[in-house]
Amino acid sequence: MQPVCIVMIEDDEGHARLIERNIRRAGVNNEIVPFRDGTSALAYLLGPDGSGEASARRHLLILLDLNLPDMTGLDILEKVKANPHTRRSPVVVLTTTDDSREVQRCYDLGANVYITKPVNYEGFSNAIRQLGLFFSVMQVPETP
């Protein structure tokens with residue numbers, strides 16, 4: 001089985017480093033492909049033609065910040081879940097927003113997990129560590 005590639009879409013470099021460090025600390029050694037904006041992330045996920053064919057044989061896990069410089073994470077989530085090649089890829093939303101309507105909207109669009117980034121470092125580290133443990137036992141379904 002092909003290993004799962006973790007696609008991290010996070011524009012805050014400090015948060016990105018913290019996420020990666022805690023994923024590694026949890027013993028997850030999968031490749032992490034980082035993006036700082038939605039445009040480049042979507043180009044990677046859906047390919048230059050936008051068909052999603054580029055990800056047809058990839059096993060992806062997507063870490064998604066909702067507040068990006070060029071578009072919202074909701075836009076990305078919607079496109080990923082609407083595409084037949086990427087819709088089964090698990091999406092974990094990591095954001096500072098805990099607005100219940102936004103949380104519900106993410107789940108309605110197909111997010112698998114919604115994690116609110118605590119403002120304090122320790123809380124955020126714990127959330128990411130738990131996420132790392134979750135990744136280490138999770139299997140991504142094969143795309144037919």
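Note that these values count all heavy atoms, side chains included, but never hydrogens, waters or copies made by symmetry.
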To the nearest 0.5 Å, atom NE2 of H15 lies from atom CZ of R17 at 11.0 Å

Check: L109 main-chain N/O paired with K81 side-chain donor or acceptor under 3.5 Å
no

Given I76, which of L66, I62, I9 fulfils the side-chain contact (heavy atoms from CB on, under 4.5 Å) condition?
I9

Which of I19, L63, L60 passes side-chain contact (heavy atoms from CB on, under 4.5 Å) with I6? It is L63

To the nearest 0.5 Å, how far apart are CD in E10 and OG1 in T95?
8.5 Å

What's the separation between atom SG in C106 and atom CZ in R101, rounded to the nearest 0.5 Å?
13.0 Å

Testing the basics here: between P90 and L61, what is the closest heavy-atom pair and its distance to 0.1 Å?
CB-CD1, 3.5 Å

Y107 side chain to Y114 backbone, donor-acceptor under 3.5 Å:
yes

If only atom types and distance count, is the side chain of D37 paired as donor or acceptor with the main-chain N or O of D70 below 3.5 Å?
no

Should V93 and I115 be marked as a side-chain contact (heavy atoms from CB on, under 4.5 Å) after you check the CA-CA gap, both sets of side-chain angles, and the distance that decides it?
CA-CA 6 Å; V93 174; I115 296 177; over 6 Å; no

Check residues 44-51 and write down every donor-acceptor pair under 3.5 Å in which the side-chain atom is one partner and the other belongs to a residue at least two apart or another chain.
unit_1	atom_1	unit_2	atom_2	d
D49	OD1	S51	N	3.1
D49	OD1	S51	OG	3.0
D49	OD2	S51	OG	3.2
S51	OG	E53	N	3.1

Counting N and O atoms only, with roles assigned by atom type, does the side chain of N83 sit under 3.5 Å from a partner on the main chain of V80, one being a donor and the other an acceptor?
no

In terms of heavy-atom contacts, G110 and L77 come closest through C-CD1, 4.5 Å

I'd like to know if the side chain of R36 and the backbone of D11 have a donor-acceptor N/O pair within less than 3.5 Å.
yes

Kindly say whether D75 contributes a backbone atom to a donor-acceptor pair with the side chain of T72 at under 3.5 angstrom?
yes

Which residue is it: D65, T116, D12, N67? I am looking for the one with a side-chain contact (heavy atoms from CB on, under 4.5 Å) to T96.
N67

Considering only heavy atoms from C-beta outward, does the side chain of R24 approach that of I32 to under 4.5 Å?
yes

Any side-chain to backbone donor/acceptor pair from N30 onto C5? Under 3.5 Å, distance only.
no

